[in-house]
Amino acid sequence: MKKFRSGFITLIGRPNVGKSTLMNCLIGEKIAITSHKPQTTRNKITSILTKEDFQCVFLDTPGIHKPKHKLGEYMVRSAENTFNEVDLVLMLIEPTEKVLDMDQYVIDRLENVKTPVVLVINKIDTIERDKLLEVIDAYRKLHSFAEVVPISAMKGSNTDELMRVIRKYLPEGPQYFPEDMVTDQPERQIASEIIREKALYLLQDEIPHGIAVEIMSMKKRPDQNMVDVEATIYCEKDSHKGIIIGKQGSMLKKIGSQARRDMERLLGSPIYLQLWVKVKKDWRDSDFLLKNFGYDKRNI
């Protein structure tokens, strides 16, 4: 009889390198929000993949970067604190011509990490094979990576090989979560993240990172299959509030409409969503507001 293997795997790397896309690809469901804008993920997001003889618990962490405010400090600490708490670290990079300063910054953070680190080169569909070999050679000189696996998370290329490597490093252990469970995120957190994702897609570049979403109320109607959700989008400037609402409420309606569709699919019931927009100046540098919005330093 095969022995059961289980373990915790953290995905790290600079912002916008494809960590959330890869996690969603491996799980087979959209758990983490994705965006072309960097620093989309703000909290550690846990997702679970269970097979017949093993279970992987993935931690999708915020992109490691040089923080500019307290939210940034929280995000970086949240990522770095996972390094020695897991069974395997996956460091994602893109195949660039030379090692980027931000990738070197992440590698420097790994200097005293005893956990095996697998280098995952994402977006290999954007580079020729000869160039890819040069990238592998350059990164092998910088750190003693346990393995190097080139993939395309967007296209699912070579992810089977990555899963084989991951399973290889899982220790024998128990099944931590039920086999039908794919995330430990509460429904309120999933709902707030979906709303924030739609705002990231639809709003101008300077606004999205200055917004937070708080679910004020989430209740199932007693007499019908409908969930009422009330949420507030917080921004840092009065001018941003006008842009988020849009002309005659058009932008807010777009955000709400797109968020409602995803929420209905993930939560499995019709949603009646109401959105409001409020200004909280400099909330990203307020310990009180960060805690209020779910970014509590005590949870790191």
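Worth saying up front: this structure is predicted, and the values here are computed from it rather than measured.
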**Nearest heavy atoms of A191 and M263, plus distance in Å** = CB-CE, 3.8 Å
**Prompt:** Tell me, which pairs form a salt bridge (Lys or Arg N to Asp or Glu O under 4.0 Å) where one or both residues lie in residues 138-150, sequence neighbours left out?
**Reply:** D137-K141, E147-K168
**Request:** Side-chain contact test, heavy atoms from C-beta onward, threshold under 4.5 Å: evaluate it for L119 versus V149 and give yes or no.
**Result:** no
**Complete:** Hits for ring-ring contact (aromatic ring centres under 6.0 Å, His included) against F8, two or more places apart or cross-chain, chain-then-number order -> Y176
**Message:** When you compare the side chain of M91 with that of L110, does any pair of heavy atoms fall below 4.5 Å?
**Reply:** yes
**Asked** Of the options M226, E230, R260, which is the one that meets Y272 in a side chain to side chain contact (heavy atoms under 4.5 Å, CB included)?
**Response** M226
**Residue pair G7 / P171: nearest heavy atoms and the distance that separates them** = CA-CD, 4.5 Å
**Request:** Mark yes when over 12 heavy atoms from residues, nucleotides or ligands other than Q224 sit less than 6.0 Å from its CD; otherwise mark no.
**Result:** yes
**Message:** Show, in sequence, the C-alpha distance, side-chain angles and deciding distance for E172 and R5, and conclude whether the salt bridge (charged side-chain N to carboxylate O under 4.0 Å, His left out) test is met.
**Reply:** CA-CA 4 Å; E172 289 180 19; R5 292 175 177 268; 5.4 Å; no
**Message:** With heavy-atom distances below 4.5 Å as the criterion, would you say the side chains of Y139 and V148 are in contact?
**Reply:** no
**Asked** Can you tell me if CE on M163 sees more than 12 non-hydrogen neighbours from other groups inside 6.0 Å?
**Response** yes
**Asked** Do the side chain of Q248 and the main chain of S250 share a donor and acceptor less than 3.5 angstrom apart?
**Response** no
**Request:** Say whether, by atom type as modelled, one donor and one acceptor occur between the side chain of E264 and the main chain of I271 under 3.5 angstrom.
**Result:** yes
**Prompt:** So do T96 and V135 actually touch side chain to side chain, heavy atoms under 4.5 Å?
**Reply:** no
**Prompt:** How about V89 and P116: do any of their side-chain heavy atoms sit closer than 4.5 Å?
**Reply:** no
**Message:** Return the CG to NZ distance between L203 and K254, rounded to the nearest 0.5 Å.
**Reply:** 10.5 Å
**Asked** Can you tell me how far CD of Q274 sits from OG1 of T232, rounded to the nearest 0.5 angstrom?
**Response** 10.5 Å
**Interatomic distance, I48 atom CD1 to F177 atom CZ [nearest 0.5 angstrom]** = 4.5 Å
**Message:** Would a single hydrophobic cluster contain both L11 and V182, if residues Ile, Leu, Val, Met, Phe, Trp and Tyr are joined by side-chain heavy-atom contacts under 4.5 Å?
**Reply:** yes
**Spatial distance of atom CG (L90) from atom CD1 (I9) [nearest 0.5 Å]** = 7.0 Å
**Message:** Between I166 and F4, is there shared hydrophobic-cluster membership here, with clusters defined by ILVMFWY side-chain heavy atoms closer than 4.5 Å?
**Reply:** no
**Asked** Does a side chain donor of either S152 or D125 reach within less than 3.5 Å of an acceptor in the other side chain?
**Response** yes
**Request:** Check the pair I215, I195 against side-chain contact (heavy atoms from CB on, under 4.5 Å), reporting the backbone distance first and the verdict last.
**Result:** CA-CA 10 Å; I215 303 298; I195 295 166; 4.1 Å; yes
**Asked** L132 versus P150: any side-chain heavy-atom pair under 4.5 Å?
**Response** yes
**Asked** Are M154 and L162 joined in one hydrophobic group, where the rule is that I, L, V, M, F, W and Y side chains link up if heavy atoms are under 4.5 Å apart?
**Response** no
**Asked** Is D103 salt-bridged to R14, cutoff N-O under 4.0 Å?
**Response** yes
**Item:** Heavy-atom pair with the smallest gap, counting every atom of L170 and S6
**Value:** CD2-C, 4.1 Å
**Prompt:** Can I93 and N122 be said to form a side-chain contact (heavy atoms from CB on, under 4.5 Å), step by step?
**Reply:** CA-CA 6 Å; I93 65 163; N122 192 21; over 6 Å; no
**Single-linkage hydrophobic cluster, 4.5 Å side-chain cutoff, L252 and I211 together** = yes
**Message:** Please tell me whether I255 and V279 are part of a single hydrophobic cluster in this structure, the criterion being side-chain heavy atoms less than 4.5 Å apart.
**Reply:** no
**Prompt:** About how many Å separate CG of L275 and NZ of K198, when rounded to the nearest 0.5 Å?
**Reply:** 13.0 Å
**Request:** I would like to know whether T115 and D87 meet side-chain contact (heavy atoms from CB on, under 4.5 Å); could you show each step before the answer?
**Result:** CA-CA 6 Å; T115 308; D87 300 290; 5.8 Å; no
**Prompt:** Are any of the side-chain heavy atoms of H240 and V277 separated by less than 4.5 Å?
**Reply:** no
**Asked** For the side chain of R164 and the backbone of D160, is there at least one donor-acceptor N/O pair under 3.5 Å apart?
**Response** no
**Request:** Please step through side-chain contact (heavy atoms from CB on, under 4.5 Å) for the pair I151 and V120, ending with a clear verdict.
**Result:** CA-CA 7 Å; I151 65 154; V120 180; 3.6 Å; yes
**Message:** Quick test of your reading of the model: are K131 and E128 salt-bridged, counting only N-O distances below 4.0 Å?
**Reply:** no
**Request:** Drop me the distance from I107's CD1 to L100's CG, to the nearest 0.5 angstrom.
**Result:** 10.0 Å
**Message:** Do N158 and E161 have side chains that approach each other closer than 4.5 Å (heavy atoms only, starting at C-beta)?
**Reply:** yes
**Request:** Ignoring hydrogens and angles, state whether a donor on the side chain of T50 or Q55 is under 3.5 Å from an acceptor on the partner side chain.
**Result:** yes
**Request:** Take D53 and R167 through the test salt bridge (charged side-chain N to carboxylate O under 4.0 Å, His left out) and record every step on the way to the result.
**Result:** CA-CA 10 Å; D53 60 344; R167 188 187 178 286; 2.7 Å; yes
**Request:** Check N225 against S269 and note the closest heavy-atom contact, atom names and distance.
**Result:** OD1-CB, 3.5 Å
**Item:** Polar contact flag, side-chain donor to acceptor under 3.5 angstrom, Q258-D262
**Value:** no
**Prompt:** Nearest heavy-atom pair of C25 and G156: which atoms, and what distance?
**Reply:** SG-CA, 4.1 Å
**Message:** Is it the case that over 12 heavy atoms from other parts of the model lie below 6.0 angstrom from the NZ atom of K220?
**Reply:** yes
**Request:** Search all heavy atoms of K123 against all heavy atoms of V17 and return the closest pair with its distance.
**Result:** CE-O, 4.0 Å
